[in-house]
Novice: 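The structure's right below; bear with me while I get my questions together.
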Amino acid sequence: LNNYLRYATFIAASGSWFLILMSAPRGTMLGLIIACVMLILIYKKHSFIWLKKFLITFVIGSAAYLLLFHIVPIIANMSPNNTAPLTRESTSHLVRFNMWLEAWQSIKQQPWFGIGPSHFPCYTTLPHSHPHNALVQLAVEWGLPVALAVVIIFVFGDHEHLDLLF
């Protein structure tokens, strides 16, 4: 049972990389890079065992992504550019920037209390239900004081646990 669980976890982690690469979330990639750096800084040499497994699953997930979204389309005489999810219009920086501009307009109109939870789709002309940024979404829907409180809690709130690590 232990080996079965180990292989299942390995396959799931590799599949997660495939899904991450397929959906092209820039924030997730940045978060994973920052997590790896923090892991090295906090756990030093003990982090390398985890990072080795992390890298192996990344290589397998990347290979699956390249195979299914680039190599197979070439073999099937399809253009890889038409099948790759990274070319979707919704992943464009311009679309995301326009969402943030509309969110900023809502923040300027209701800076103290926001427009209300889950109300961003009612105020946007774009086909997205949220501004694709958690902090901006908090500021739009709940107001700047709540967004600021979340930042303060994140930065200063867990100092007791951080003291144990250093």
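Residue numbers start at 1 and run along the sequence shown.
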Novice: Can Met29 be reached from Leu66 by stepping across I, L, V, M, F, W or Y side chains whose heavy atoms are under 4.5 Å apart?
Specialist: yes
Novice: Looking at side-chain heavy atoms only, is the closest gap between Arg6 and Asn3 below 4.5 Å?
Specialist: yes
Novice: Does Phe10 have more than 12 heavy atoms from other residues, nucleotides or ligands lying within 6.0 Å of its CZ?
Specialist: yes
Novice: Would Ile56 end up clustered with Leu51 when hydrophobic side chains under 4.5 Å apart are linked, directly or stepwise?
Specialist: no
Novice: Thr57: which residues meet the side chain to side chain donor-acceptor pair (under 3.5 Å) condition with it, sequence neighbours left out?
Specialist: Trp17
Novice: Please check if Ile40 and Leu30 belong to a single hydrophobic cluster, counting links between Ile, Leu, Val, Met, Phe, Trp and Tyr side chain heavy atoms closer than 4.5 Å.
Specialist: yes
Novice: Could you check if a side-chain atom of Phe54 sits within less than 4.5 angstrom of a side-chain atom of Leu32, using non-hydrogen atoms only?
Specialist: yes
Novice: State the CZ-CG distance between Phe18 and Leu67, to the nearest 0.5 angstrom.
Specialist: 9.0 Å
Novice: Might you point out which heavy atoms bring Pro117 and His119 nearest each other, and give the distance in Å?
Specialist: O-ND1, 2.7 Å
Novice: Is there a path of hydrophobic side-chain contacts, each under 4.5 Å between heavy atoms of I/L/V/M/F/W/Y residues, joining Ile34 to Leu41?
Specialist: yes
Novice: Does Phe113 share a hydrophobic cluster with Leu144, counting links as ILVMFWY side-chain heavy atoms below 4.5 Å and allowing steps through other members?
Specialist: no
Novice: Within this structure, what is the CH2-CD distance for the pair Trp142 and Gln110, rounded to the nearest 0.5 Å?
Specialist: 14.0 Å
Novice: Determine the minimum heavy-atom distance between Ile107 and Val136, stating which atoms define it.
Specialist: CD1-O, 4.3 Å
Novice: Indicate the atoms forming the closest heavy-atom contact of Tyr65 with Leu21, along with that distance.
Specialist: CE1-O, 3.7 Å
Novice: State the OG-CG distance between Ser14 and Leu19, to the nearest 0.5 angstrom.
Specialist: 11.0 Å
Novice: Counting distance only, does the side-chain N/O of Ser62 pair as donor-acceptor with the main-chain N or O of Phe58 below 3.5 Å?
Specialist: yes
Novice: Considering only heavy atoms from C-beta outward, does the side chain of Ile11 approach that of Ile60 to under 4.5 Å?
Specialist: no
Novice: Taking atom CH2 as the centre, does Trp50 end up with more than 12 heavy-atom neighbours from other residues, nucleotides or ligands that are less than 6.0 angstrom away?
Specialist: yes
Novice: Determine the minimum heavy-atom distance between Pro111 and Pro145, stating which atoms define it.
Specialist: O-CD, 3.5 Å
Novice: Flag the pair Val140 / Trp104 as yes when at least one side-chain heavy-atom distance between them is below 4.5 Å, and no otherwise.
Specialist: no
